[in-house]
There are 2 protein chains.
Amino acid sequence: MSALHDHTHCIADALTRADALCAERGARLTALRRRVLELVWSSHRPRGAYAILEDLSQQDGKAAAPLTVYRALEFLVEQGLVHRIESLNAYVGCAAPGDVHSGQFLVCEACGDAAEIDDPGVGAAIDAAAAGRGFRVQRPTVEVRGLCKSCQEKPR
Amino acid sequence: MSALHDHTHCIADALTRADALCAERGARLTALRRRVLELVWSSHRPRGAYAILEDLSQQDGKAAAPLTVYRALEFLVEQGLVHRIESLNAYVGCAAPGDVHSGQFLVCEACGDAAEIDDPGVGAAIDAAAAGRGFRVQRPTVEVRGLCKSCQEKPR
DNA sequence: GACATGGGTGTTACTTTATAACACCCAGTC
DNA sequence: GACTGGGTGTTATAAAGTAACACCCATGTC
């Protein structure tokens with residue numbers, strides 16, 4: 001994800017889509033959950049639960065407990081609004097909530113951005129590899145570490 | 001991994017290959033590191049660092065500190081003798097040390113076994129997807145949750 | 001309007017996973 | 001024998017995640 005983009009638009013867009021999706025499903029996107037979603041979306045970098053907790057405490061003035069954040073994150077993950085990046089113990093906003101997710105990420109070691117992709121080739125290759133071994137896929141996780149385009153181009 | 005196989009052979013084989021590889025590379029597979037490797041290989045299920053720590057304490061009688069185990073694991077991972085399963089915060093013996101690793105795992109939700117695969121199709125698909133986005137791959141992580149063949153066949 | 005219900009939140013305490021800082025030991029080398 | 005560097009031990013601490021239980025509040029029902 002380029003550093004040069006109107007990120008306020010990303011946030012607003014994510015919240016709007018979340019509102020619509022939850023309304024459609026009858027899921028309760030409460031004030032707290034919405035706020036946590038907003039904080040997750042504060043960048044395209046995966047954020048840890050405790051970082052979000054700190055934001056909540058500092059920006060909103062209320063000292064929340066870890067569980068508060070974890071419960072909100074659990075809801076958001078269930079609704080497909082947020083993904084958990086296993087290799088970072090962190091959470092990032094979903095780029096395409098509502099669509100089918102396979103959860104593939106390109107995580108840049110330099111800038112920390114996690115770009116979500118949904119590459120049909122990767123999904124198909126995993127399905128084929130699993131099928132060949134009689135394995136029934138439930139939840140594939142693909143997290144590729146490396147360097148994003150803009151970080152490669154930057155002089156270090 | 002079928003529950004029915006001669007696992008003592010797996011362990012012995014893993015240790016033999018580790019000895020050979022480390023000798024070849026001039027890496028020091030000390031008694032402690034070798035013991036930790038053996039404990040990682042005690043099954044095909046990924047084991048947490050603290051589980052290994054407990055084994056060390058209970059089976060060997062010496063109360064080791066967490067760092068002792070983490071340092072040994074770090075070495076073993078660097079040498080490619082052990083893989084870390086990110087989504088489980090756990091470690092599992094590498095099925096093919098010495099060969100190129102892409103780190104792909106089929107993790108069974110029922111029995112907990114993590115079968116390492118090195119599917120060229122999956123690797124190629126990831127490379128292609130990354131290349132198409134200008135992303136330079138350093139370390140791909142693929143961890144597929146699901147049900148292994150033998151657990152599907154078992155009546156639950 | 002009173003009441004029951006259930007999901008969401010708050011609070012406290014705790015567990016699990018991982019690392020930092022520093023001292024010591026031992027093998028190999030000059 | 002002294003030097004050197006990697007490996008290990010020790011203590012303390014940080015980071016990530018969960019359990020148990022009480023309370024609150026919106027909703028539906030009578």
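A, B, ... follow the sequence lines: proteins, then strands. Residue 1 opens every chain. Keep in mind that what you see is a predicted model, and the values were worked out from it rather than measured.
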Asker: Could you work out the complete set of other residues in the hydrophobic cluster of B:V82, with links drawn between I, L, V, M, F, W and Y side chains under 4.5 Å apart?
Answerer: B:I11, B:L15, B:L21, B:L29, B:L32, B:V36, B:L37, B:L39, B:V40, B:W41, B:Y50, B:I52, B:L53, B:L56, B:V69, B:Y70, B:L73, B:F75, B:L76, B:V77, B:L81, B:Y91
Asker: To the nearest 0.5 Å, tell me how far B:S42 OG sits from B:Q59 CD.
Answerer: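 Atom-to-atom, B:S42:OG and B:Q59:CD are 7.5 Å apart.
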Asker: If you pin B:A49 and A:F75 to their nearest nucleotides in DNA chain C, which one's is more 5'?
Answerer: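 Closest to the 5' end, via its nearest nucleotide, is A:F75.
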Asker: With the threshold set at 4.0 Å, does a side-chain nitrogen-carboxylate oxygen contact exist between B:R84 and B:E86?
Answerer: yes
Asker: B:L88 CG to D:dG17 P: how many Å, rounded?
Answerer: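 B:L88 atom CG is separated from D:dG17 atom P by 13 Å.
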Asker: Does the side chain of A:T30 get closer than 4.0 angstrom to OP1 or OP2 of C:dG8 through an N or O atom?
Answerer: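 Checking A:T30 against C:dG8: no side-chain N or O falls below 4.0 Å of OP1 or OP2.
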Asker: Check the distance between D:dA15's P and B:N89's CG and give it to me in whole angstrom.
Answerer: 16 Å
Asker: How long is the line joining OH of B:Y70 and P of D:dA14, in whole Å?
Answerer: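 Nearest whole value for this atom pair: 17 Å.
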Asker: I want to check something: taking the side chain as every heavy atom from C-beta on, are A:V92 and A:R45 in contact at a cut-off of under 4.5 Å?
Answerer: no
Asker: Round to the nearest Å and state the distance from B:I52 atom CD1 to C:dA18 atom C1'.
Answerer: 14 Å
Asker: Can you build the contact string for nucleotides 22-30 of chain C? Use B for base contact, S for sugar-phosphate-only contact, and - for no protein heavy atom under 4.0 Å.
Answerer: ---------
Asker: Can you measure A:I85 atom CD1 to D:dA16 atom C1' for me and round it to whole angstrom units?
Answerer: 16 Å
Asker: Check the distance between D:dA16's P and A:Y91's OH and give it to me in whole angstrom.
Answerer: 10 Å
Asker: Output the residues of residues 32-43 of chain A in contact with DNA chain C, where contact means a heavy atom of the residue under 4.0 Å from an atom of the strand; sort by number or write none.
Answerer: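 Hits under 4.0 Å, by residue number: A:L32, A:R33.
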Asker: Please determine whether a side-chain nitrogen or oxygen atom of B:T68 lies at a distance below 4.0 Å from atom OP1 or OP2 of D:dG9.
Answerer: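 Indeed, a polar side-chain atom of B:T68 lies that close.
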Asker: Just how far, in rounded Å, is P of C:dT16 from CZ of B:R47?
Answerer: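 So the CZ-P distance, B:R47 to C:dT16, works out to 14 Å.
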Asker: Classify B:R84 by what it touches in the nucleic acid, base, sugar-phosphate, or nothing, heavy-atom distance under 4.0 Å.
Answerer: sugar-phosphate
Asker: Does C:dT17 have B:Y50 stacked on its base, where the ring centres are within less than 5.5 Å and the planes differ by under 30°?
Answerer: yes
Asker: Can you tell me the distance, in whole Å, between the CG atom of B:L73 and the P atom of C:dT19?
Answerer: 11 Å
Asker: Are any of the side-chain nitrogens in A:E74 or A:R71 under 4.0 Å away from the carboxylate oxygens of its partner?
Answerer: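 A salt bridge is absent here (no side-chain N lies under 4.0 Å from a carboxylate O).
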Asker: Classify the angle between the aromatic ring planes of B:H44 and B:H5 as parallel (below 30°), tilted (30 to 60°) or perpendicular (above 60°).
Answerer: tilted
Asker: So, using side-chain hydrogen bond (donor to acceptor under 3.5 Å, both in side chains) as the criterion, who are the partners of A:D127 when residues are at least two apart?
Answerer: none
Asker: Among residues at least two apart in sequence or on other chains, which ones pass salt bridge (charged side-chain N to carboxylate O under 4.0 Å, His left out) with B:D19?
Answerer: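 Counting only residues at least two positions away or on another chain, B:D19 forms a salt bridge (charged side-chain N to carboxylate O under 4.0 Å, His left out) with B:R34.
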Asker: Nearest of D:dG17, D:dT11, D:dA20 to any side-chain atom of B:L67?
Answerer: D:dT11
Asker: Residues two or more places apart in sequence or in another chain: which of them pass salt bridge (charged side-chain N to carboxylate O under 4.0 Å, His left out) with B:R33?
Answerer: none
